[in-house]
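What follows is one structure encoded as C-alpha cells, with my remarks underneath.
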Amino acid sequence: MPPAPKAGGSQHAPYGLLRTVNDPADLRRLSPDQLSELAAEIRAFLIDHVSQTGGHLGPNLGVVELTIAIHRVFDSPRDPIIFDTGHQSYVHKIVTGRQAGFPDLRQKGGLSGYPSRAESEHDWVENSHASTSLSYAAGMARGLQLQRKPGTVVAVVGDGALTGGMAWEALNNIAADEDLPLIIVVNDNGRSYTPTVGGLARHLSGLRTNPRYEQVLELVRRHVSRAPLFGRAAYDLLHGIKAGLKDVVAPQGMFSDLGMKYVGPVDGHDEAAVEKALRHARQYGGPVLVHCLTRKGNGYPAAENHEEDQFHSVGKIDARTGQAIGGPASIKWTDVFAEELLKLGAVDERVVAISAAMVHPTGLNRFAAAFPDRVMDVGIAEQHATTSAAGLAMAGMHPVVAIYATFLNRAFDQVLMDVALHRCGVTFVLDRAGITGPDGASHHGMWDMSILQVVPGLQLTAPRDGTRLRQALATALTIVDAPSVIRYSNQQVPADLEAVASDRGIDILLRTELQPRVLVVAYGQMCGTGMAVGRRLSDQGIGVTVVDPVWALPVNPALIELAAQHQLVVSIEDNDVVGGCGARLAQELRFAGVDVPFREFGIAPDFLEHGTRAELLEQLGLTSQRIARYAVEAVVRGPESQARRQPNASIQGDLGPR
Ligand SMILES: Cc1ncc(C[n+]2csc(CCOP(=O)(O)OP(=O)(O)O)c2C)c(N)n1
Ligand SMILES: CC(=O)[C@@H](O)[C@H](O)COP(=O)(O)O
Ligand SMILES: [Mg+2]
C-alpha cells in the first residue's frame with residue numbers, strides 16, 4: 001500500500017528514493033527492499049499528480065513493478081520498449097527522467113499522456129490506437145536482425161489490446177520466426193475498461209493457473225538438478241516433467257500451440273518474479289510471450305474498487321477518497337445519445353448496438369442494461385464491429401455502431417466495402433468527433449468527415465444541439481439502404497439553437513434584413529461559432545445568412561441554390577479542412593457552375609499536440625473573430641485581398657499561427 005497522500009490532494013511529498021532515479025540505470029543499483037520502497041513511492045507519486053491533472057491513473061498503477069522489472073532487465077533504448085496504446089507509460093516516463101513534467105501532464109506544452117519521441121529517446125510509439133505494438137515490435141526486431149545490431153525489442157500489450165485484429169496479424173508472423181529478438185509482455189489485468197470479452201479473455205483466464213504451477217515447477221527444478229543424472233538427460237527429464245506439469249496443472253496455451261515460447265503466468269506485482277521471467281525469456285533468444293497477471297488501479301482501493309473501469313481514465317479527483325472534484329457533471333452529447341437510443345430501442349426491436357470495448361464511454365451501458373442481448377461488445381475490434389454490423393443489417397436488424405471518431409479511421413474499408421457497397425443500413429454514432437484535447441494527436445476526431453465523404457451513398461449529420469441529435473438518430477434508423485453517420489464532440493451539449501426558417505432541409509439560423517452578401521455554413525457544434533460570425537458581420541453592416549445544413553452529406557441542392565444568392569461563402573467545421581464537408585460543398589458548387597468565392601475554415605491538416613479544446617481552436621484560428629475578420633476584408637476589399645500571402649503558401653500557413 002503506498003504511503004497515503006496527505007489530505008487535500010497534491011502535496012508533492014518528498015520522494016526520497018524516487019528522486020534518485022533519473023535513468024533506468026539507477027534502477028539496477030537498487031536492492032530488493034529498495035525496489036519495494038520505490039514501487040510504493042511511484043504509486044504515491046502517480047496518485048498525487050494524476051489526481052491533480054487527470055489521466056490514466058488505473059492502468060499506470062497496474063504496471064509499476066512490471067515497468068521497473070523491464071527497465072532493470074533490458075537496456076532501453078538499445079532494447080526498444082513499445083507500449084501498446086501508450087496510456088500506461090507514465091511509470092516508464094517517471095523512471096526515464098521525466099518526473100518534473102508531471103504537474104503539466106496532458107496540458108498544452110506539457111508532458112504528453114502517451115509516449116513522445118520529442119520527449120525522450122526511450123519513447124518510440126505515440127499513436128494511442130490500440131493493438132499496434134506487436135506489429136511495430138516485429139518490424140523493429142526484424143530491423144535489428146537485418147542490421148546485425150544487438151538488442152531485444154520488448155512490447156507491452158494489454159489483454160484488451162490483444163483482442164484487436166492487428167495483434168493477431170502480428171502474432172501469426174512472429175510465431176513463425178523463431179530467431180526474432182522479441183519479448184511480448186502481456187499485461188493481463190482482465191480488463192479493457194470493463195472485463196475484457198471474448199474467447200481470448202477466457203483463454204487467458206484459463207492460463208491463470210494457480211501460482212502453484214510455478215512453485216511445483218521450482219520444486220522439480222531444484223530436486224532434479226541435484227539428481228545423479230546430469231547434462232542432457234537431466235534437462236530432458238526436467239523438460240518432460242515441465243511439459244507434463246503444464247498439461248496437468250495448466251491447459252496448454254494457444255500461444256505455445258502457435259509455436260510461441262510462453263512464460264507464465266507470473267504475478268505482475270512481484271517485481272522479482274517478473275524480472276526472473278524476463279531474464280529467462282531473454283536467454284531464450286527467439287520470440288517469447290511473458291504472461292503477467294496485474295490489477296488495474298493496484299494499491300489504490302478507490303481505483304481497484306471502482307466497478308465501472310477501475311479508474312481507467314480520471315478527471316481531477318480527491319487523492320484520498322478518489323471522489324471527482326469539480327462542479328456537477330454537465331450534460332454531454334453522449335448522455336443525450338444514450339437516452340434517445342434507449343427510447344427508440346424500446347419501440348424498435350431492429351435496433352442493436354455494437355461497441356469496441358467501450359460500452360460505457362460511448363453511452364451504451366443504459367441500453368445494455370435494458371436490452372442485454374441487443375448490445376455486442378466485440379473487444380477492441382472496430383473492423384470486426386463494422387463488418388459484423390453489415391451482417392446484422394443483412395439479417396434485418398438496424399445496428400448502431402457507437403465508436404470514437406478517431407477509431408473509425410481503421411475501419412474505413414469496412415465502411416466502404418462491407419457496409420456501403422452492399423447498401424447496408426448501419427448507423428455509426430461517432431463520439432469524440434473534432435478536437436478532443438488532452439489525449440493529443442491520435443485522439444482528435446478530425447478525419448471522419450474527410451474520409452467518409454468519399455463513401456458513395458453515405459449520409460452524415462453533425463447535430464448542433466441535443467434536439468437535433470435526437471431527431472438525427474430517429475431519422476438514421478429509417479435509412480435502411482446506406483450507412484448513416486452522426487458525429488458529435490466530447491463537450492457538453494450546447495443550448496438548443498432554433499432555426500428562424502427552414503429551406504428544404506436546410507436550417508436557417510440567422511438572416512439579416514440587409515441584402516445578404518455572406519453565407520456562413522456551419523457544421524455541428526461549430527454553429528455557435530457561425531452565429532457569432534453572423535452577429536459580427538451584421539454589426540459591421542454586412543448582410544449575412546447563417547445556416548446549418550443538418551444532413552451535411554450528401555450535399556443538399558438547396559444549399560447550392562442558397563450559395564448562388566451570396567457574394568461569399570464561408571464554411572466552418574470541427575474536422576480536417578482538407579476533404580471536409582466545406583471542401584465537398586465547394587466542389588459541388590464548382591460542379592454546379594456556381595462561381596462564388598468560398599473559404600473553408602477547419603482544422604489544419606496536421607498532427608495537433610494535446611491541450612484544451614479552447615486552446616487548440618484558438619491556435620487553429622477557428623474563432624469567430626478570425627473568421628469574421630476574413631469575411632469583412634473579403635467582402636469590403638474583394639476576395640483577392642485575401643489571396644494567399646505567398647504564392648506557394650500551404651493550407652496550414654493560411655489558417656493563422658501554428
Ligand atoms: C483502436 C482503439 N480502440 C479503442 C481505444 C480506447 N481504449 C484505450 S485503452 C482501452 C482499453 C485497453 O485495455 P488493455 O489493452 O487491456 O490495457 P489496460 O488499460 O487494461 O492496461 C481502450 C478500449 C483505443 N485506444 N484504440
Ligand atoms: C487511451 C484511450 O484511448 C482512452 O482511454 C481515451 O483516453 C479515453 O478518452 P475519453 O477520456 O475522451 O473517454
Ligand atoms: Mg487490460
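All values derive from a computational prediction rather than experimental measurement. Just so you know, these numbers use all the heavy atoms, side chains as well, and skip hydrogens, waters and symmetry mates. For this chain, numbers begin at 1 and follow the sequence in order. Numbering of ligands and ligand atoms starts at 1, following listing order.
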Ring center gap for H610 and H443 short of 6.0 angstrom: no
Proximity winner for atom 11 (O) of ligand 2, if only heavy atoms of S313, G113, S128, G54 are counted: S313
Ring centers of H312, H306 separated by less than 6.0 Å: no
Residue and atom names of protein N/O/S atoms that fall under 2.8 Å from the Mg ion (ligand 3): D159 OD1, N189 OD1, R191 O
Heavy-atom closest contact (V455 atom, P483 atom, distance): CG1-CG, 4.4 Å
contact_flag T436 ligand 2 heavy-atom lt 4.0 Å: no
Side-chain touch L66/E271, heavy atoms, less than 4.5 angstrom: no
Protein heavy atom at shortest distance from atom 2 (C) of ligand 2: H443 NE2, 3.4 Å
Nearest-neighbour protein heavy atom for atom 4 (C) of ligand 2, which is reported as residue plus atom name and distance: Y193 OH, 3.2 Å
Nearest protein heavy atom with distance in Å, relative to atom 1 (C) of ligand 2: Y114 OH, 3.2 Å
Pair E119 + R98: basic N to acidic O under 4.0 Å: yes
For atom 13 (O) of ligand 2, the protein heavy atom that lies nearest, with its residue and separation: Y404 OH, 2.6 Å
Heavy-atom gap M358 to ligand 2 smaller than 4.0 Å: no
H129 to ligand 2, any heavy atom closer than 4.0 Å: no
E65/R43 salt bridge by N-O under 4.0 Å criterion: yes
Centroid separation Y193 to H360 less than 6.0 Å: no
Residues in contact with ligand 1, criterion: heavy atom under 4.0 Å: P59, T85, H87, S128, H129, A130, G158, D159, G160, A161, N187, N189, R191, S192, Y193, K296, H312, M358, I380, E382, F407, R410
